[in-house]
Protein chains: 2
Amino acid sequence: MVRLSDVAEKAGVSAATVSRVVRGEGKVGDKCRAHVKQVIAEMGYRPNINARALASKKNEIIGVITPNVTQAFYGALVTGAENAAQQVNYRVMLNNSHNQIDTELDAISSFRENGSQNIVYHSNVASNEQLINLAKEIQGLVVLNRYIPEIAHRCVWLDNTAGGRLSVKHLIDKGHRKFVFLASNQDLQDPVDRLKGAKGALLEAGIPWLEENVGYIMPSIDNGMKGISQLLERKCEFTAVVAFNDSLAIGAMNRLQDLGVKIPEDVSVIGFDNTDICKACRPQLTTTHYPIAEMAKYATELSLKLTTTDEIDSTKTHLYLPHVYERDSVATRSAC
Amino acid sequence: MVRLSDVAEKAGVSAATVSRVVRGEGKVGDKCRAHVKQVIAEMGYRPNINARALASKKNEIIGVITPNVTQAFYGALVTGAENAAQQVNYRVMLNNSHNQIDTELDAISSFRENGSQNIVYHSNVASNEQLINLAKEIQGLVVLNRYIPEIAHRCVWLDNTAGGRLSVKHLIDKGHRKFVFLASNQDLQDPVDRLKGAKGALLEAGIPWLEENVGYIMPSIDNGMKGISQLLERKCEFTAVVAFNDSLAIGAMNRLQDLGVKIPEDVSVIGFDNTDICKACRPQLTTTHYPIAEMAKYATELSLKLTTTDEIDSTKTHLYLPHVYERDSVATRSAC
DNA sequence: TTGTACGCGTTATCAA
DNA sequence: TTGATAACGCGTACAA
């Protein structure tokens, strides 16, 4: 491995000078710089990252914490972050936390020990207090998919209330008036907000909210099937099902089809997220698009900005709006 | 940040001793060790990873290179690797190469500059020569999903030929004799091997191989739909479709259903990989299981072994066998 | 079993 | 604009 000092010796300058041209900082004479660059190219020198990190206490690493990249949603998240990282030659360190707070905290410690100040953190288990405290300590920490007023300018999140409202409004516009909801039973804000939005859309349209028409379950295809069965047993009447996410929607859809219900002719179904599986089912799933890849990309850019510039506007948060992505699982209901 | 020397001072021992107990190596007196550990706990000391990496020229990082974790298959791959890494307190650095050889090579350089000797590399674009040369230079490089005889003991791969054979044999056992194939047009060994296995199974059963019954396309749901349409236009006769992967299978299945063909009553469909989307479609997809998560886990364990012990058997490769995972898209065909 | 002393490859603070 | 020189925090021969 060729070192900085090797380059310096061959170029006939000091190590300090080479360091300056490598980093592109400090004053260096034009022809001196050109010469050094030449030698660097000739020798194929590449800086030792660990030595650099040790001396500067910085490292070009962006840590990404996510429950589990096996799930399409989080895969898209990581891809978005990695995309932004590649543009500035940063590396991404990944942690699958499996929703274990200890694992998440440990990953954060580890990232920091590696000299990384840049962390994009999606947590379903950390408390607001924990996040606020971490944000104080870690300059480049960005909280993804969550809104915490105290650190609003460090949050990149989706307007889930609007999402819930849009989903339902889309169905109302198509003539539906009898709904059933497959909600998440996870102790998170997202499910609450989406339901709140849904409720709002209903009230606006003068449709009563029936709590008995809501099933709370852990999101998965299998549970979507179970959930819709339970709703059916309760003798809920509906022409549309609104699901917390795509998996639940697809489970519901498939179970209904098994029972001879035609989608979307008899019942319309709408999902949430717009993950890849929406194209696998039949009919293809109409869903509310969650631009997670873009959001993750933006979040890592924000993290970078947080650690490199002072001009951050701490009075502003970063809120994304979802929109309905139409496929084939929702149909117009002429009469009701 | 509390340093090694801080601990040493407070404990009244030398830095070298603290270093020994931290690493659990070298001889240290029992009560001395206990005392130092006590102080470490009290002070909340954690080693500086960069300093350690600089001094030892090693870093506890495992690099994972994959085309794109947005795809479920690669998401599972990364999860498997991360799983193994967590067990030994290693961190994973991720690179989405998007099948760009430059990106892959760059990632490798970067990993090495970070002091990592451990790399799990899935490449669709690197040549065998490149891989062989890299393996020479990088002690802990493991090639995933590919077999290169010269570095057989560094390869963790699937028997794709057996996979192709098993898929078709499963269908033959169910009474099918007329097949159509949706193959990949990617310039890789996997598609070739799977087709070879399929052909073998056919010949064993005395069924002729019809090259015109094979469609070569880039794997995706959309292309599965297009592919089966093309085969239909060619007036191929078949009672079963064998797809290179799950996406193609699902595309084919859905298009057939659109045309009024009943799956599996009229036509059976089998996929490959056993990714999450198999449960999203209707009927759920019977497929050939590719144990990618386990393989990736094993691959990173192998990489670790390669860099820590000398007792590696270089006469042995690491070959996994796929198996048919039955769901609902394949049915028995009584007469033909 | 424990301690000393030097090196790892950079960055950064001074002088020059 | 350039060059010494001291950190950075730890690992590791070697000596004790």
Side-chain angles (χ1 to χ4, degrees), chain A residues 1-37 39-40 43-61 89 109-117 307-308, chain B residues 1-37 39-40 43-61 89 109-117 307-308:
Chain A
M1 282 289 94
V2 29
R3 294 164 302 177
L4 196 67
S5 58
D6 297 330
V7 175
E9 187 178 6
K10 183 156 180 185
V13 297
S14 73
T17 299
V18 178
S19 177
R20 288 187 193 102
V21 338
V22 168
R23 287 174 297 141
E25 284 176 22
K27 297 293 169 190
V28 181
D30 282 348
K31 59 186 173 192
C32 176
R33 152 169 294 117
H35 178 223
V36 171
K37 279 193 173 177
V39 176
I40 286 176
M43 304 183 73
Y45 166 76
R46 299 198 59 159
N48 179 309
I49 295 180
N50 293 123
R52 170 178 281 183
L54 176 60
S56 69
K57 298 181 185 305
K58 288 174 190 168
N59 207 347
E60 300 190 332
I61 289 176
N89 264 300
S109 298
S110 174
F111 293 158
R112 299 183 70 187
E113 287 156 20
N114 271 291
S116 172
Q117 278 279 327
T307 54
T308 52
Chain B
M1 284 290 95
V2 27
R3 295 162 303 175
L4 195 67
S5 57
D6 296 331
V7 175
E9 186 178 7
K10 184 156 180 183
V13 298
S14 76
T17 299
V18 178
S19 177
R20 290 186 192 103
V21 340
V22 168
R23 285 174 299 137
E25 284 175 22
K27 297 293 168 191
V28 181
D30 281 349
K31 60 186 172 193
C32 176
R33 153 169 290 117
H35 179 219
V36 171
K37 279 194 173 177
V39 176
I40 286 176
M43 304 183 73
Y45 166 75
R46 302 197 57 159
N48 179 311
I49 294 180
N50 293 121
R52 168 178 284 182
L54 177 59
S56 68
K57 297 178 186 303
K58 288 175 191 167
N59 206 348
E60 300 190 333
I61 289 175
N89 265 300
S109 298
S110 173
F111 293 158
R112 299 182 70 187
E113 286 157 21
N114 271 289
S116 172
Q117 278 279 328
T307 54
T308 52

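Per chain, numbering begins at 1; letters A, B, ... match sequence-line order. Everything numeric in this text was worked out from a predicted model, so none of it was measured.
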Chemist: Atom CD of A:E113 and atom C1' of D:dG9: how far apart are they, to the nearest Å?
Modeler: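 Checked: the CD to C1' distance equals 13 Å.
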
Chemist: Strictly below 4.0 Å, heavy-atom distances to any atom of DNA chain C: list the hits from residues 45-54 of chain A, or just say none.
Modeler: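 Going residue by residue through residues 45-54 of chain A, the ones with a heavy atom under 4.0 Å of DNA chain C turn out to be A:Y45, A:R46, A:P47, A:N48, A:A51, A:R52.
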
Chemist: Students often get this wrong, so: under 4.0 angstrom with heavy atoms, is B:S19 touching a base, only sugar-phosphate, or nothing?
Modeler: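 Touches a base.
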
Chemist: Do you know the tightest heavy-atom contact between B:S110 and A:I49?
Modeler: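 Answer, listing the atom of B:S110 first, then A:I49: O-CD1, 4.1 Å.
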
Chemist: Taking all non-hydrogen atoms of both residues, which atom of B:V2 and which atom of B:Y45 are closest, and how far apart?
Modeler: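 Heavy-atom minimum between the residues: O-CD1, 3.2 Å.
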
Chemist: Using only side-chain N and O atoms of A:K57, determine if any of them is under 4.0 Å from OP1 or OP2 of D:dG9.
Modeler: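 It does, given that an N or O in the side chain of A:K57 lies less than 4.0 Å from OP1 or OP2 of D:dG9.
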
Chemist: Could you state the NE2-C1' distance from B:H35 to C:dT1, rounded to the nearest angstrom?
Modeler: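 Value for this atom pair: 17 Å.
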
Chemist: Among D:dG11, C:dG9, D:dT2, find the nucleotide with the atom closest to the side chain of A:C32.
Modeler: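 Selected nucleotide (nearest to the side chain): D:dT2.
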
Chemist: Nearest-Å distance, CG (B:N114) to C1' (C:dC8)?
Modeler: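 Spelled out: CG on B:N114 to C1' on C:dC8 is 16 Å.
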
Chemist: When all nucleic acid strands are considered with a 4.0 Å heavy-atom cut-off, which category describes B:R20: base, sugar-phosphate, or nothing?
Modeler: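 It contacts base atoms.
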
Chemist: Send over the distance from A:N59 CG to D:dG9 C1', rounded to a whole Å.
Modeler: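 Result: 14 Å.
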
Chemist: For the side chain of B:S116 and the backbone of B:I61, is there at least one donor-acceptor N/O pair under 3.5 Å apart?
Modeler: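 Yes.
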
Chemist: Do B:V39 and B:V18 have side chains that approach each other closer than 4.5 Å (heavy atoms only, starting at C-beta)?
Modeler: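 B:V39 vs B:V18: side chains apart.
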
Chemist: Does OP1 or OP2 of D:dT12 have a side-chain N or O of B:R23 closer than 4.0 Å?
Modeler: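 The answer is yes; a side-chain N or O of B:R23 sits under 4.0 Å from OP1 or OP2.
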
Chemist: Quick test of your reading: applying salt bridge (charged side-chain N to carboxylate O under 4.0 Å, His left out), list the pairs with at least one residue in residues 5-21 of chain B, sequence neighbours left out, ordered by first then second residue.
Modeler: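 Residue pairs with at least one partner in residues 5-21 of chain B: B:R3-B:D6, B:K10-B:E42.
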
Chemist: With A:E113, which residues qualify under side chain to side chain donor-acceptor pair (under 3.5 Å), at least two apart?
Modeler: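 If we apply the side chain to side chain donor-acceptor pair (under 3.5 Å) test to A:E113, skipping adjacent residues, the hits are B:R46.
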
Chemist: Between B:G26 and A:K58, which is nearer to the 5' end of DNA chain C once each is assigned its nearest nucleotide?
Modeler: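 It is B:G26 whose nearest nucleotide is closer to the 5' end.
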
Chemist: Passes side-chain contact (heavy atoms from CB on, under 4.5 Å), B:H35 versus B:K31? Steps please.
Modeler: CA-CA 6 Å; B:H35 179 219; B:K31 60 186 172 193; over 6 Å; no

Chemist: Scan for side-chain hydrogen bond (donor to acceptor under 3.5 Å, both in side chains) pairs involving residues 50-59 of chain A, sequence neighbours excluded, and state none if there are none.
Modeler: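 Residue pairs passing side-chain hydrogen bond (donor to acceptor under 3.5 Å, both in side chains), neighbours aside: none found.
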
Chemist: Can you check the A:M1 CE to C:dG7 C1' distance for me, whole Å?
Modeler: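 In whole Å, C:dG7 C1' and A:M1 CE are 18 Å from each other.
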
Chemist: Please work out which residues in residues 3-15 of chain A have a non-hydrogen atom less than 4.0 Å from an atom of DNA chain C and list them by number.
Modeler: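 Residues of residues 3-15 of chain A under 4.0 Å from DNA chain C: A:R3, A:L4.
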
Chemist: Considering residues at least two apart in sequence or located in another chain, which fulfil the side chain to side chain donor-acceptor pair (under 3.5 Å) criterion with B:T17?
Modeler: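 Only B:S14 meet the side chain to side chain donor-acceptor pair (under 3.5 Å) criterion with B:T17.
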
